[in-house]
Amino acid sequence: MNALSILLFILFSPDTYIYIGWGLLLLLTLIVVAGLVRLRRRRWLRVLMLVTLLLCWWAFLWGSYVGVRQLRVVHVEFTSADLPKEFDGYRIVQFSDAHVGTFTGWRKDLLRKAIDSINAQHADAVVFTGDLKNKTYDEITEHLPQLRRIKARDGVFSVLGNHDYPMYISDFKHPYELELDQGMVENYQDDMGWVLLTNGRHRIRRDSASIVIAGMENDGEGRFPQLGDVNSALFGIARDEFVVMLEHDPSAWRRKILPHSHVQLTLSGHTHGGQFSLFGWSPVSLAKRYSNGMYYMGNRALYVSPGLSGVIPFRLGVPPEITVITLRSEMRNKQ
């Protein structure tokens with residue numbers, strides 16, 4: 001982790017980023033006004049500068065105060081010949097990257113509304129694909145009453161994201177404090193009634209049929225934790241069983257899940273969809289092969305959620321999302 005990233009994570013609260021945005025735009029405004037005065041004979045350049053300034057102000061204000069409120073519920077279907085007919089129509093609600101430390105002040109109500117929306121889907125199962133906090137476990141504490149409200153018929157299942165490990169405070173805390181932080185993140189999920197899958201699995205039954213929800217620890221690239229173990233997560237699972245794999249970092253799909261398992265559907269987050277897109281294109285797609293939405297490899301698929309929030313409270317063109325995934329049996333479609 002570079003020194004700049006460490007400085008940002010230590011010093012800045014979510015609102016600090018907003019204040020910095022205001023400061024930079026006010027400075028830009030002064031520069032543009034000065035330029036308009038000096039460039040009286042270059043009308044085209046003055047118009048360009050003014051339009052650019054107005055677009056910057058619009059993007060900042062919209063993304064910081066409007067875009068973060070535009071929660072959407074996205075419905076997708078996944079069809080598989082391996083899905084038992086007893087599970088045809090099974091509904092999984094996925095949410096990801098809550099970053100609850102960002103839901104401060106007036107934004108607390110946004111988390112409440114997101115949880116209301118999750119429960120309104122009447123899911124068979126709810127899954128959370130990592131990044132519950134920004135930096136430390138105490139960000140979760142005040143939100144426990146809200147998070148405990150998330151319910152589903154077969155339970156709430158979760159995995160850890162890179163922010164759920166103490167990597168962002170490791171250079172500034174005693175080892176026992178790091179262990180405490182990690183332990184509290186896991187204990188809180190147990191307190192909320194969530195089933196945390198750390199390279200583990202949970203079987204869901206309907207009569208004599210069953211499917212498996214498995215979960216890997218975060219397995220990223222570069223500086224991110226690389227702790228995912230496919231074999232442990234699928235221990236005792238037969239090759240013909242239908243598996244939904246939860247893995248925070250979508251890059252693990254290509255590196256580990258596809259080549260080393262038969263998992264039919266993988267659910268991930270991590271990218272936030274870039275939190276910014278223009279006409280459907282986001283710069284994050286240049287750096288991430290799997291950045292937002294559904295991806296297929298033969299009859300297997302990966303869904304990447306853009307998440308609910310982020311360390312920086314900003315969304316432009318990439319609304320916060322709750323995903324309703326309906327499983328379909330190919331056998332049903334052939335009848």
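Heavy atoms only: backbone and side chains are in, while hydrogens, waters and symmetry mates are out. All figures in this text were calculated on a predicted structure; none of them were measured in a lab.
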Check step by step if salt bridge (charged side-chain N to carboxylate O under 4.0 Å, His left out) holds for Arg254 and Glu221.
-> CA-CA 11 Å; Arg254 170 180 50 83; Glu221 296 179 305; 3.3 Å; yes

Run the numbers on His262 and Ile237 for side chain to side chain contact (heavy atoms under 4.5 Å, CB included), then give the verdict.
-> CA-CA 10 Å; His262 73 284; Ile237 304 301; 4.2 Å; yes

Modelled atom types, side-chain donor and acceptor of [X] and [Y], under 3.5 Å:
{"X": "His270", "Y": "Asn162", "result": "yes"}
{"X": "Thr141", "Y": "Tyr188", "result": "yes"}
{"X": "His272", "Y": "Gln275", "result": "yes"}

Are the aromatic ring centres of [X] and [Y] under 6.0 angstrom apart?
{"X": "Phe60", "Y": "Trp22", "value": "yes"}
{"X": "Phe157", "Y": "Trp194", "value": "no"}
{"X": "Trp57", "Y": "Trp62", "value": "no"}
{"X": "Phe224", "Y": "His248", "value": "no"}

Enclosure of Trp44 CH2 (heavy-atom neighbours >12, cutoff 6.0 Å) |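 No, CH2 of Trp44 has 12 or fewer neighbouring heavy atoms, counting only those of other groups under 6.0 Å.
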
Whether over 12 other heavy atoms sit under 6.0 Å from Tyr65 OH =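 Enclosed.
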
CA sep, side-chain torsions, deciding dist, call: Asp109, Arg112, salt bridge (charged side-chain N to carboxylate O under 4.0 Å, His left out) | CA-CA 5 Å; Asp109 196 50; Arg112 180 189 63 79; 2.7 Å; yes

Any ion pair linking Lys133 and Asp164 (charged N to carboxylate O, less than 4.0 Å)?
->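 Answer for the salt bridge query: no.
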
Is Lys256 paired with Asp249 through a side-chain N to carboxylate O contact shorter than 4.0 Å?
->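 Result for this pair is no, no salt bridge flagged.
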
Can you list the steps and then say if Arg315 with Gln70 is a side chain to side chain contact (heavy atoms under 4.5 Å, CB included)?
-> CA-CA 9 Å; Arg315 292 270 174 166; Gln70 293 187 315; over 6 Å; no

Test Asp154 against Arg206 for salt bridge (charged side-chain N to carboxylate O under 4.0 Å, His left out), laying out the working first.
-> CA-CA 11 Å; Asp154 294 317; Arg206 293 287 187 271; 2.7 Å; yes

For the residue pair Asp190 and Leu196, establish whether any side-chain heavy-atom pair is separated by less than 4.5 Å.
->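 The answer is no; the side chains never approach within 4.5 Å.
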
Excluding sequence neighbours, so at least two apart, what forms salt bridge (Lys or Arg N to Asp or Glu O under 4.0 Å) with Arg72?
->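 If we apply the salt bridge (Lys or Arg N to Asp or Glu O under 4.0 Å) test to Arg72, skipping adjacent residues, the hits are Glu321.
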
